[in-house]
Amino acid sequence: MTRRSSDLQRSVQYLKGVGPRRAEKLARIGVRTARDLLYHIPHRYEDATTVARISALRPGDDATIIGRVVSKGVIPTRSRLRIFHAVLKDDSGLIECAWPGQPWLDNSIRKGDLLLASGTVGFYHGRQMRPREHTLLASAGDEETESGRVFPVYRATEGLNHRQIRGIVEDNLDSLLLEARDAELFGPEWLKAAGLMRLPEALERLHRPETLSQVGPAVRRLAYEELFFLQLLHARARYQYRSREAGLSLDAPPRLTEEFLSALPYRLTAAQQKTWQEIRADMESPSRMYRLLQGDVGCGKTVVAAAAMVRAVDCGKQAVIMAPTELLAEQHQRTLTALLEPIGLAPALLTGSVKGKKRQDVLEDARSGRASVIVGTHALIQDGVGFGSPGLVVIDEQHRFGVEQRRALRDAGGAADTLVMSATPIPRSLALAVYGDLDLSVIDEMPPGRRSVITGVRGPGDRAAAFEFLRGQLAQGRQGYVVYPLIDESDAVEAAAATRAVEELSALFPEFRLDLLHGRMSGTDKDAIMRRFLAGETDVLVATTVIEVGIDVPNATVMLIEHAERFGLAQLHQLRGRVGRGGEQSYCVAFYSGDGPPERLRAFAGTNDGFEIAREDLRLRGQGNLFGAEQHGLPALRFADLDRDYALLEHAREKARTMVEADPDLASPRHRPFARVLQERYADHAALYAVG
Ligand code: ADP
Ligand code: MG
């Protein structure tokens, strides 16, 4: 009888050398089943294949050695410093190792222990070393460990040190690897196409590599599996969404659409053209569109979305666009009115502030289908709002809406196609991982002739000059922003600090009008202040909270960012995107406090390209912070590195989508093992099956 893969689901408790008490401790590091142990990734390796012979060491060498402890103890010194020392011996000679200030090592290191140590070799009455690092490879009683191998070091937990964990892995590895032979999910052709080794081989190399270079390919194999199941979850969510109701085929003759495009005062950029064709093809096809349109601020997403809206109207349907705030909704309303008026369309506005008779009219026009284009906030998804013949739903700045709100708008849209827009560029790898259930359209090019914002990074000594520069711009009738980071978690402290800052600035710029915007204000107050700034009634806006993503004040040409080192790279770029919206040259000055600008600020000044910034952000902050698996309800990635494994991610996505399209329920004998894995290992992420 062959074992079924699900046997690896048995509790780790039943493995050799574990038992209930150790099982409890292992659970603390996430190891609950036999499979968890098999997939438990060492957090580093000690490479004993490059170990030096003690007799061959020369003063000044930086070396790794392995030796038995032949004597040890704590040496008292005249000062308070106590030094633990141990003499290590291999078959060629002796070396004395010293750990100043670590007398407690005397309790954990025993005579007869086999130690691996690395550090610089010195010479004083004999060879000496102050180990930078050391690892206990085996205790006095253990069997001799072969040298010339690579030792995995597992993360320890209270009551189980890394050697004990390694012992448990070693005791069970051979039998678990036998079981893993039957747990291989991917066929030989598949693995070959992706350039991957088989599962048992990968797992063996993970825990028992012969050389360090074997580890990388093993991790890649396991990363692929992880990425494949992530994409399988996404593919299922996507399939459910697209098939839930018959979608619409918005394929009537594009009369208005052509009129709209030819009336534009400019030609679409190649990137706009490409994304527009992607969206159009989706709309014309009978399955529902669920697409993300991504692009840096100012790349021209709005006109592409507008074309899609007109396409819906061409087919006798309504187009609805939802923005996260009233101000943004009003701005869309103005922009869309300017764009659509030439073809005889007048967008209606529905926000919380639209009241009385006006509101009744809009609601009635929405319900009857008379309003063909409707712009609004989440007021669009409140009770009592209905759409007569929705064809396209556009969600702007989608990350600012909760899953529930997005779902509600999509439901309100019935079988309508959905386009979500984001002005926060993220690298494609991250987008595929997080938004894998959406199709992706990216505008990665700016309209021609756009002047990029000139960015400076300045130290504490340059503030006066920068403020003089701001004064010069204000004197020419321009406006500017001064932004402070959130000073404290508490709103009260934030408000106080911001008030102080605005007082100081008022003293500095007595001839100009300043206004303050901070997190403690109500939505209505914030809106009023933004409106005054937009109307040019104030010259300088001092703000602590991030100013409205997406708000356009074309006359603002200066952005001063205080304590810029406290902002993330993506955030800095968003702030910079608030200027350079008009025809004038714009400037951004990032002040840092402290000795020198951190690497992040230099990267910021180095480019205006949002996607480049996003890649740099991923590199500097690591995927853990950006991927935020839990936040998205996604399974954590333990083996995959989104940057390194980008090609694998693409491959996994293709495969997962093909599989789900061919067999949505994964019911065929060939696909059933995949369904079982979803059930066994990904039950917690079932929320993804329900479309978010
Ligand atoms: P986004 O919504 O991506 O931030 P917008 O759609 O607001 O960008 O476009 C920014 C500005 O660029 C607008 O003033 C718009 O009229 C202009 N624009 C858009 N596409 C083009 C183009 N292909 N050529 C010239 N200008 C363009
Ligand atoms: Mg815009």
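As the structure lists them, so they are numbered: ligands from 1, and atoms in each ligand from 1.
Residue contacts with ligand 1, taken as heavy atom pairs separated by less than 4.0 Å, involve Leu268 solely via the backbone atoms N, CA, C and O. The part of Arg267 lying near ligand 1 is the backbone, judged by heavy-atom distances below 4.0 Å.
Under a 4.0 Å heavy-atom criterion, Met421 is not in contact with ligand 1. Using 4.0 Å as the threshold, Cys299 has a heavy atom nearer than that to some atom of ligand 1.
Residue Val297 approaches ligand 1 through these ligand atoms, each under 4.0 Å from one of its heavy atoms: 4 (O). Atoms of ligand 1 lying under 4.0 Å from at least one heavy atom of Lys301, given by number and element, are 1 (P), 2 (O), 3 (O), 4 (O), 6 (O), 8 (O). Shown in contact with Gly300 at under 4.0 Å from a heavy atom are these atoms of ligand 1, numbered in order with element: 1 (P), 3 (O), 5 (P), 6 (O), 8 (O), 9 (O), 19 (C). Near Thr269, meaning under 4.0 Å from one of its heavy atoms, ligand 1 places the atoms 23 (N).
Judged by the 6.0 Å distance and 45° axis criteria, Arg238 is not positioned over the aromatic ring of Tyr290.
Among the atoms of Gly298, some N or O lies under 3.5 angstrom from an N or O of ligand 1. In terms of polar-atom proximity, Pro448 is not counted as a contact of ligand 1, lacking any N or O under 3.5 Å from an N or O of the ligand.
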Yes or no on salt bridge (charged side-chain N to carboxylate O under 4.0 Å, His left out) for Arg311 and Glu284, after CA distance, side-chain angles and deciding distance? CA-CA 9 Å; Arg311 189 78 189 86; Glu284 289 175 2; 3.1 Å; yes

For Asp552 and Arg334, run salt bridge (charged side-chain N to carboxylate O under 4.0 Å, His left out): C-alpha distance rounded to whole Å, both residues' side-chain angles, the deciding distance at 0.1 Å, then the answer. CA-CA 11 Å; Asp552 278 356; Arg334 277 192 301 276; over 6 Å; no

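For CZ of Arg450, the number of neighbouring non-hydrogen atoms (other residues, nucleotides, ligands) closer than 6.0 Å is greater than 12. Residue Arg532 qualifies as enclosed at atom CZ: its count of foreign heavy atoms under 6.0 Å is above 12.
Taking the six-membered ring for Trp and the full ring otherwise, Phe533 and Tyr481 have centroids separated by under 6.0 Å.
Side-chain N or O atoms of Gln318 include one that pairs as donor or acceptor with a backbone N or O of Ala366 at under 3.5 Å.
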